Amino acid sequence: QKFRLNCFGIIDRDSNYDGFTTTESINSERIIEYLDDLSLRINLAETLWRILKGKWIKPQDYISKDNLFYAANRALANVGKGLYVNFKNHAA
């Protein structure tokens with residue numbers, strides 16, 4: 001008796017896997033549904049960008065492209081170490 005199992009997902013370099021298995025065919029609708037669901041769980045970038053621009057980058061950082069590049073990279077490298085985003089108080 002033949003049994004079919006289809007798997008779809010993603011894995012990062014730290015071996016964190018997110019995906020699904022099904023006995024049904026995986027079509028574009030199912031993939032879009034999965035990606036939409038995934039984006040609601042991990043797509044917090046807009047909140048990060050808003051805080052980066054509104055709190056962590058200072059007006060003087062906009063003096064030149066190099067200053068802005070340095071300030072943004074400095075802040076992003078410090079996220080989770082010295083700079084934190086409280087996502088509980090922001091809309092997803």
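Position 1 is the first residue of the sequence, and the numbers go up from there. Remember, predicted model here, so these are calculated numbers, not experimental data.
In the hydrophobic clustering of this structure, Ile26 groups with Leu38; members are Ile, Leu, Val, Met, Phe, Trp, Tyr whose side-chain heavy atoms approach within less than 4.5 Å, directly or through other members.
Distance alone, capped at 3.5 Å, places no donor-acceptor pair between the Asn16 side chain and the Asp12 backbone. Not one N or O on the side chain of Ser25 forms a donor-acceptor pair closer than 3.5 Å with the backbone of Asn27.
Applying the 6.0 Å contact sphere to CD of Glu29 captures no more than 12 heavy atoms from other residues, nucleotides or ligands. Heavy-atom contacts from other residues, nucleotides or ligands closer than 6.0 Å to CZ of Arg4 number 12 or fewer.
Between Lys58 and Lys55 the shortest heavy-atom distance is NZ-O, 2.8 Å. In terms of heavy atoms, Thr21 sits closest to Cys7 at CG2-SG, 3.5 Å.
Scanning for side chain to side chain contact (heavy atoms under 4.5 Å, CB included) contacts around Tyr62 gives Lys53, Ile57, Leu68, with sequence neighbours left out. Annotation: side chain to side chain contact (heavy atoms under 4.5 Å, CB included) contacts of Asn78 (sequence neighbours excluded): Lys81, Leu83.
Note on ring orientation: taking the six-membered ring where Trp is involved, the planes of Phe20 and Tyr34 are tilted (angle from 30° to 60°).
Between Arg41 and Asp18, some side-chain heavy-atom pair lies under the 4.5 Å cut-off. When side chains are defined from C-beta on, Leu76 does not count as touching Trp56, because their heavy atoms never get closer than 4.5 Å.
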- Item | Asp61/Tyr70 under side-chain hydrogen bond (donor to acceptor under 3.5 Å, both in side chains): CA gap, chis, key distance, verdict | CA-CA 8 Å; Asp61 294 328; Tyr70 174 77; over 6 Å; no

